[in-house]
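Labels below follow one simple rule: chain letters A, B, ... track the order of the sequence lines, proteins then strands, and each chain is numbered from 1.
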Amino acid sequence: MKVTELTERDVVALSEQRGEPDWLRDRRQEAFKAYCDLEWPTRRTEEWRYTDPKRFDLDRPVLHGDAGDAPITRGIVRALGGDVAGSVRMTDNTVGQPQLTVEAAAAGVIIGDLATAAVTHEAVVREHLGAVVGTSTKFDALSLAAHTPGLFVYVPPEAVLDRPLAVTVQVTRPGLVLPRILVVVDRFAEAAIYIDHVGDAEATVIETVEVALGAHAKASIVSTQDWGDHIDHVGAHRVVVGQSAEVAHLEATLGGRTVYLRPDCGLDEPGGRASLYGVYVGSGEQQIEHRSLIHHNASKTTSESMYKGALQGRSRATWFGNIRIEPHAKATSSDETNRNLILTDGAHADSIPFLEIQCSDVVQCGHHSSVGQVDELQLFYLTSRGIPRAEAVRMLVFGFFAEVTDRIDLPGVTETLLAEIEHEIRSGVLSTTDPRRTRRTAVVAERGG
Amino acid sequence: MAVRNNNDRSPDMAELQIEGLTVEVEGQEILHGLELVVARGETHALMGPNGSGKSTLAYAIAGHPAYEVTAGHVRIDGTDITELTPDERAQLGLFLAMQYPTEIPGVSLTNFLRTSLNALRDEDVPVRTFMKELRAQFDVLDMDPAFMQRNVNEGFSGGEKKRFEILQMALLRPRYAILDETDSGLDIDALRVVSEGVNRLRGPDMGVLLITHYTRILRYITPDRVHVMFAGRIVESGGPELAEELEAHGYERLRVHS
Ligand SMILES: Nc1ncnc2c1ncn2[C@@H]1O[C@H](COP(=O)(O)OP(=O)(O)OP(=O)(O)O)[C@@H](O)[C@H]1O
Ligand SMILES: [Mg+2]
């Protein structure tokens, strides 16, 4: 089956095959109708000006049958070595056997297949599935209509987890895969959820991650895109924040051939707070886009966004950050920053901050954006102390990312990310020659001749 | 690294030698065939009015990318360093305490110093040994160890930056140190601490080029020679008394005979 030839019958069959309740089948069918009414985006679609949607091959067969088997060599979850409250692996089109500690299970934490949860936890799944990320774009509608595998992660009211819940999305076989994850952290609950994206194959990944935070909940969501070089990944990662709830959301995009993410945040209830962080490193021919909407949809909501990226080789990155403040959302604070370091001549970054302020009662709203190179004065200072240029560049790149990683205090995250960033930078071809040397040689040659 | 192997240098070449140095900045010639020799074991003071090219000389010696040497040579102990990168010059024993040290956000002071020390000693100095040496230097320069938690020069006051430059010099133990107005912006106590720091390192193994506007520091650090720079050239050299004379009469008379 191909998504370009998807029929309503396929959608119904998929739902039945997975033993889903009627309401979920109906929801898939509605989404399918929306999908049929929407056009595939093209380069001319505003949201796709910087990443050509053709990079996502839709003619690949949707993965079915048994999952492949491949060891996991990257990601934060692997680095944690099992020190988690619960974990599960989604490999290709299947959901593996979830693991939960006794304490987490006793607290009522759920981590497992979405089809099952649609029966056992109907009320909460029904409330949120497709409500956080709806069917307004072709990819979103396709995801709700045809997603598989599906995963449900639930932290019940007042449960406080001292160790993270770990989800690994792994792709091992060529084709197209449609994973969908629903995370609900209920009122007054506290949890950290890691979602690693790993594996490599000639594959298209169309993914949705919905996160809903109840009132006064506190959640950290860490999503790493740690793919190999052949994955094209388009994803909507959206968090809705309940009253006086607080989310810290980190996107770490290091791997993949194409990664196009929408790390959106809906501050729909008064007093909600969001810290939205991102780090990305592009190498080779990689193309990365983070396009986020921070939606201040209630009073006294606060958001801070900071994305930083380093680009080498012929890689390209786009950051588009939209802060929208609704007329009824009074006394909001928001601030967004994006900084890019271009490490080699062939790399490129676009940085586009965008503000839609429809309310005059704003406490603070700021944006900062830049695309630049490693500072030559800083490089001179370091090299004048005997540090070789390549090493000095690496130190400055780390220093650059420290502004983000210093704000993250979660087990395993900073160490793993810095190690992986170091690996990416080392394996990239750095232009580590002193630019002055070529010029100097030219001068000498001129004088000599 | 090949540049470290310098055993063939003859003892009479133990000097920092600047020969016919012409330097351009942004296409404009600032130094015009400058000549200067600082023997190892000696301390030379370099004075001169604002804009005469003292920092330009310092940066050109250290290999700053914005300062282009269009003629002449700089040699360390007989080795021509004119075409070397800044780190290769440091490997040969050169150190520049900068007039305006650069702030480097995100790079911790300890990480910086350890990387630097490892590179210069060409070994992996054990963390404990390193921390011991570092603490000793903090002590000598009367610097608060709390600075160890901070990033390189980030948010340091002017005087703290100067003190940290001297701390680096003490840790890295160069053969030739250029101190570009390290005394400017220091309070009286700091000036004494910094001068003592320099004096402790002086000796047969180190040559110092001390760039300054004030004779104040020369009361602590007595120079062997004093040079006066004017419009990109050394126009006068003499003993310590030359500094006193400049203090009394200013640079005005130089303008006449230059
Ligand atoms: N990066 C630069 N771009 C343009 N001009 C420069 C640059 N660096 C130095 N110059 C010019 O070169 C000349 C010498 O400057 P330099 O900093 O070497 O003087 P100095 O003797 O150190 O002065 P001071 O006593 O004020 O520190 C000045 O006219 C200065 O404006
Ligand atoms: Mg100067």
Side-chain angles (χ1 to χ4, degrees), chain A residues 279 306 308 310 337 339 341 368 370 372-408 414 417-418 421-422 425 431-448, chain B residues 1 3-4 22 24 58-71 82-98 100-108 111-122 151-154 161 165 168-169 171-174 178:
Chain A
V279 294
M306 180 176 289
K308 290 192 135 188
T337 301
R339 306 216 178 274
L341 263 188
H368 322 269
S370 66
Q373 284 162 336
V374 173
D375 187 307
E376 281 295 331
L377 287 182
Q378 295 178 351
L379 263 185
F380 171 66
Y381 192 83
L382 295 176
T383 54
S384 78
R385 271 43 172 162
I387 300 169
R389 188 175 167 95
E391 178 76 30
V393 169
R394 275 194 290 275
M395 289 172 80
L396 293 178
V397 173
F398 277 147
F400 169 78
F401 282 117
E403 198 184 355
V404 178
T405 54
D406 282 355
R407 290 170 199 234
I408 297 156
T414 300
L417 286 184
L418 289 180
I421 289 170
E422 164 142 40
I425 302 292
S431 73
T432 51
T433 38
D434 186 339
R436 189 179 38 116
R437 298 198 107 187
T438 45
R439 222 191 323 140
R440 179 81 62 69
T441 316
V443 171
V444 172
E446 228 171 76
R447 266 191 280 149
Chain B
M1 191 175 283
V3 292
R4 287 177 73 86
T22 301
E24 280 183 14
Y59 280 135
I61 295 172
H64 190 298
Y67 297 78
E68 192 176 349
V69 176
T70 53
T82 324
E83 298 292 318
L84 299 187
T85 56
D87 54 305
E88 289 166 342
R89 297 176 197 220
Q91 296 281 357
L92 286 173
L94 188 73
F95 180 87
L96 168 62
M98 296 185 202
Y100 303 108
T102 315
E103 301 200 9
I104 311 186
V107 175
S108 81
N111 179 30
F112 160 64
L113 290 177
R114 181 144 188 267
T115 311
S116 171
L117 201 64
N118 283 348
L120 289 178
R121 295 197 186 160
D122 201 15
N151 291 327
V152 177
N153 290 321
E154 193 184 21
K161 284 180 183 167
E165 294 290 286
Q168 292 175 52
M169 178 176 81
L171 193 72
L172 302 178
R173 300 201 151 274
I178 302 166

Next item on the list: Write down the atom of B:Ala90, the atom of A:Ser384, and the distance for their closest heavy-atom approach.
Entry: CB-O, 3.4 Å
Checklist line | Smallest separation among heavy atoms of A:Ile387 and B:Ala119, with atom names | finding: CA-CB, 4.3 Å
Notebook entry, point to check: Checking heavy atoms, do the side chain of A:Gln378, its backbone, both or neither come under 4.5 Å from chain B?
Noted result: both
Notebook entry, point to check: Do the non-hydrogen side-chain atoms of B:Thr85 and A:Thr383 ever get within less than 4.5 Å of each other?
Noted result: no
Please classify the contact of [X] with chain A as side chain, backbone, both or neither, using a heavy-atom distance under 4.5 Å.
{"X": "B:Pro174", "result": "neither"}
{"X": "B:Leu172", "result": "side chain"}
{"X": "B:Gln168", "result": "side chain"}
{"X": "B:Asn153", "result": "side chain"}

Next item on the list: Kindly compute the distance separating CZ (A:Arg385) from CG (B:Leu96), expressed to the nearest 0.5 Å.
Entry: 6.0 Å
Notebook entry, point to check: What is the distance from atom CE of A:Met395 to atom CD1 of B:Ile104, rounded to the nearest 0.5 Å?
Noted result: 7.5 Å
Item checked: Greatest number of heavy atom pairs closer than 4.5 Å to chain B - which of A:Leu379, A:Leu382, A:Asp406 -> A:Leu382
Note to self: Between B:Thr102 (side chain only) and A:Tyr381 (backbone N and O only), is there a donor and an acceptor less than 3.5 Å apart?
What the structure shows: no
Next item on the list: Assert yes or no for the condition that the ring centre distance of A:Phe380 to B:Tyr67 is strictly below 6.0 Å.
Entry: no
